[in-house]
Participant: 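Take a look at this one; I'll ask things after.
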Amino acid sequence: MFRNNYDNDAITFSPQGRIFQVEYAQEAVKQGSVVVGVVSKTHAVLAALKRNAEELSSYQKKVIPIDSHFGIALAGLASDARVLSNFMKQQALASRLTYARAIPLSEIVSRIGDKAQVNTQIYSKRPYGVGLLIAGVDSRGPHLYEFQPSGVTQEMVACGIGARSQMARTYLERNLEVFADASREELIKHALRALKESMSQDKELTVDNTSVGIAGVGEDFVLYEGQDIAEWLDASFDSRGQTEGEGMDVDS
Amino acid sequence: MASILPGAPQEGIGYSFSQAAPNAASEPRQHSFYPYSDNGGTSLGISGTDFTIMAADTRNVSGYSINTRYSPRLYLIGGEGPENKGARIVLSVVGFTADGSALKERLDNIVKMYKYHHGKPMSVSACAQRLSHLLYSKRFFPFYVSAILGGLDEEGKGALYSYDYVGSYEREQCRSAGAASSLIMPFLDNQVNFKNQYQPGSGTGHNLQAVVAEPLPRERVTQLVRDAFTSAVERHIEVGDGLQMMIITKDGVQEKYVELKKD
Amino acid sequence: MNHFPETWGRPRDDVYGPYNHGYLQAPAPNQHTQSPIVTGTSVVAIKFKDGVVIATDNLASYGSLARFTDVKRLRKFNERTVIGFGGDISDMQHLDRLLNSLSIKENYQHDATDEEDTDGFSADNVHTYLSKVMYARRTKFDPLWNHMLVAGLDSDDEPFLASVDLLGTTFSSPSLATGYGAHLAQPIMRKVVPDEDAVDQVTEEQAVKVIKECMKVLFYRDARSLDNYSIAVIKKEGVNLKLDEKLENQSWQFAERIRGYGTQVN
């Protein structure tokens with residue numbers, strides 16, 4: 001039987017030049033529920049689909065505000081994301097403390113990139129099993145970055161990661177041209193519609209399973225959940241308007 | 001405050017550069033560097049039934065020189081971002097301003113991390129105890145500051161905590177700290193806690209009926225604070241320029257600034 | 001050669017006598033600065049409606065000896081920040097190295113020549129950084145013996161002026177001066193800018209004029225000062241730093257009336 005000899009640790013290359021453990025970590029990202037991010041000239045928006053493990057349980061945390069100017073959305077191992085978000089919170093506060101300035105997004109992203117890369121060069125470590133979208137505003141304007149377990153970070157115009165996220169990315173690619181000049185409300189609409197694309201046909205976005213995080217020029221990063229997003233959900237999906245309103249029955 | 005700093009260089013006005021002539025042919029001097037200075041200023045806090053008022057003057061001095069006429073001594077603790085949006089706790093620090101702002105930044109960080117980890121703001125009583133620990137953690141190289149912490153407790157009542165340099169603390173109705181505290185505190189004892197006030201005509205000696213202290217309304221307290229500071233400015237050279245006030249109620253923190261004499 | 005590694009590369013004991021291990025250790029414990037050695041005197045600065053003017057003279061004194069007469073004590077950090085140093089010159093040079101590595105780190109991540117790139121440090125960021133350095137060193141009982149003024153523009157392009165000293169004490173004011181300047185120059189400047197509102201009425205020419213006046217008064221009355229000075233104007237358009245200026249229109253006529261010493265003993 002075939003056995004892969006090159007995945008016993010996260011630092012050994014296969015003869016084809018691949019590091020299997022890193023690729024497996026990237027698979028873990030695909031297990032997480034989908035999150036999308038979009039950025040315009042004035043705003044950066046994160047939208048996430050929250051899963052509950054069972055009917056009786058609460059929904060998982062998908063969007064985490066880090067500092068007043070940025071936040072993250074995660075797909076994959078939530079516990080690994082917590083380690084990274086705690087690190088980012090600490091780095092953001094340190095920048096405020098030492099220099100009295102909001103840490104530039106490019107800087108915080110390259111710091112977690114470096115942190116993740118180290119895990120692919122030390123024998124006893126494993127890569128982070130989580131992908132992140134980092135969205136916010138710094139002195140150069142709004143930004144969206146993607147972070148992968150390999151340590152790769154990229155600035156994006158729009159991005160989706162997590163389970164079935166290909167559908168969301170297809171939606172985003174189709175609407176790419178309109179994002180730059182989109183208004184705040186339009187941008188949220190696009191984020192929610194992209195999110196919806198990735199869900200199976202019988203599922204709906206509801207006030208319970210959706211998180212939205214927004215930052216803008218002159219507007220702090222704020223996480224919106226529950227009834228605060230009802231209007232956006234109604235506005236984003238035409239069919240909603242005709243039914244009785246938000247909080248539709250999902251499982252019937 | 002200078003009187004409680006043993007070893008503080010007494011001669012000379014400034015502190016930035018050594019003024020004393022090096023005593024010739026003596027053994028090498030050890031630790032001529034003195035790590036503290038006194039930047040003057042006075043703070044004051046009074047708590048009511050549903051509010052707390054914090055106040056401090058904004059003059060910053062070293063010796064007889066005025067460094068600046070506006071350096072705030074009241075700080076919002078917690079809340080969101082660098083502007084501390086939504087904060088409900090106010091800290092005042094008087095004494096050595098470098099220690100003061102270091103202390104404030106440490107406490108602010110702790111309260112913000114508490115919110116991040118627990119998803120709810122820290123209570124004033126918890127914050128008060130944490131501040132005591134912060135001060136005591138430098139028991140053998142203290143922060144040279146008199147701190148007063150104000151906010152609203154879990155029942156919505158005004159809460160006020162006062163501290164010594166190394167973290168002893170208690171909850172009080174009113175407290176003044178800093179350069180002119182000895183001028184303001186007796187005034188407060190009389191006007192807030194009604195000390196030495198008796199019912200007119202209640203008799204003499206042991207028959208005297210003390211006036212019972214009761215929480216004062218906000219307007220009355222605001223006026224007391226302004227009177228206390230205008231009087232202190234008259235008699236203390238380290239107090240003046242401006243008065244910064246923060247009024248904490250369930251609706252948030254309202255900040256006011258009033259001019260004081262600049263002489 | 002023998003098999004004792006500790007003797008390798010050392011003079012032979014049988015030829016030169018036993019090796020003195022005392023040479024390996026420092027002769028005395030590390031010392032902290034207890035007082036400044038070579039010092040610079042006052043720094044003066046004032047805000048005006050579009051920016052800040054800052055000046056120092058070019059003298060570094062060794063006690064009462066005017067030791068170095070061409071020491072620049074103004075340092076440009078970037079296009080919107082200038083720092084003026086008073087106090088120990090070697091500690092100033094140490095801080096200069098710290099600031100150099102800071103700006104290299106910054107410019108590595110951001111393009112300083114890019115007009116759009118506003119991520120770089122503003123004057124308030126530099127001031128906060130310096131205050132943390134100074135406070136950390138005083139807390140270690142190993143202070144950097146300086147009193148600095150940081151002048152420039154903040155992140156909103158508003159005039160920024162603040163002070164930090166060897167204890168880590170910080171404060172900000174429409175006009176600031178260190179050392180003797182706090183006694184001699186500050187009253188002159190406060191007449192022009194008594195408060196923050198007055199700053200909007202002051203033009204660049206007025207600000208430069210009052211700073212030059214202050215430098216003159218300081219040269220008259222501060223024995224550790226020089227008539228060669230540096231002056232910088234920081235505005236949105238950038239920094240105009242002149243490092244070799246000479247005091248103008250001095251009048252020593254008052255000296256003729258001084259009696260009791262010098263040529264006129266009685």
Side-chain angles (χ1 to χ4, degrees), chain A residues 44 50 58-74 78-79 81-105 108 134-139 142 211 213-226 228, chain B residues 58 60 67-68 70-91 93 96-122 126-127 130-131 133-135 137-138 143 145 147 244 252-253 255:
Chain A
K50 294 184 285 186
S58 62
Y59 289 85
Q60 56 184 154
K61 238 190 199 176
K62 294 290 282 182
V63 178
I64 306 172
I66 304 289
D67 201 345
S68 56
H69 67 298
F70 78 101
I72 59 169
L74 59 107
S79 42
R82 246 178 77 82
V83 171
L84 285 169
S85 86
N86 288 347
F87 172 76
M88 290 165 91
K89 176 81 182 174
Q90 187 206 327
Q91 294 289 310
L93 275 177
S95 169
R96 296 253 184 216
L97 216 62
T98 335
Y99 307 112
R101 73 164 181 173
I103 194 165
L105 261 71
I108 190 77
I134 300 99
V137 174
D138 59 25
S139 55
S211 288
I214 306 164
V217 177
E219 180 186 342
D220 284 352
F221 184 90
V222 179
L223 168 61
Y224 297 92
E225 282 179 323
D228 294 341
Chain B
T58 63
N60 185 308
N67 289 328
T68 174
Y70 187 73
S71 77
R73 288 198 171 81
L74 300 181
Y75 301 104
L76 290 168
I77 298 296
E80 281 304 314
E83 289 94 33
N84 304 79
K85 280 179 212 145
R88 291 295 160 77
I89 300 174
V90 175
L91 173 70
V93 275
F96 176 35
T97 48
D99 273 352
S101 56
L103 180 66
K104 162 227 124 189
E105 275 169 8
R106 284 196 190 186
L107 188 67
D108 189 39
N109 246 351
I110 286 164
V111 175
K112 280 177 172 158
M113 284 312 281
Y114 181 98
K115 172 89 185 296
Y116 174 75
H117 282 302
H118 298 86
K120 60 178 184 187
M122 203 178 203
C127 185
R130 192 64 183 82
L131 177 55
H133 288 149
L134 271 180
L135 288 161
S137 70
K138 275 170 68 69
F143 286 121
V145 290
Q244 186 195 16
V253 181
E255 187 169 355

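Below, chain A is the first sequence line, B the second, and so on; all start at residue 1.
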Participant: Could you tell me the separation between the NE2 atom of B/H117 and the CZ atom of A/R82, rounded to the nearest 0.5 Å?
Facilitator: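 Here the rounded value is 7.0 Å.
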Participant: With a 6.0 Å cut-off (strictly less than), is the heavy-atom count around NZ of A/K61, excluding the residue itself, greater than 12?
Facilitator: no
Participant: Heavy-atom pairs under 4.5 Å with chain A are the metric here; pick the option from B/E83, B/K112, B/M113 that has the most.
Facilitator: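 Between B/E83, B/K112, B/M113, the count favours B/M113.
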Participant: Please name the pair of heavy atoms, one in A/S85 and one in B/Y116, separated by the smallest distance, quoted to 0.1 Å.
Facilitator: OG-OH, 2.6 Å
Participant: If every non-hydrogen atom of A/S68 is compared with every non-hydrogen atom of B/G81, which pair is closest and at what distance?
Facilitator: OG-CA, 3.5 Å
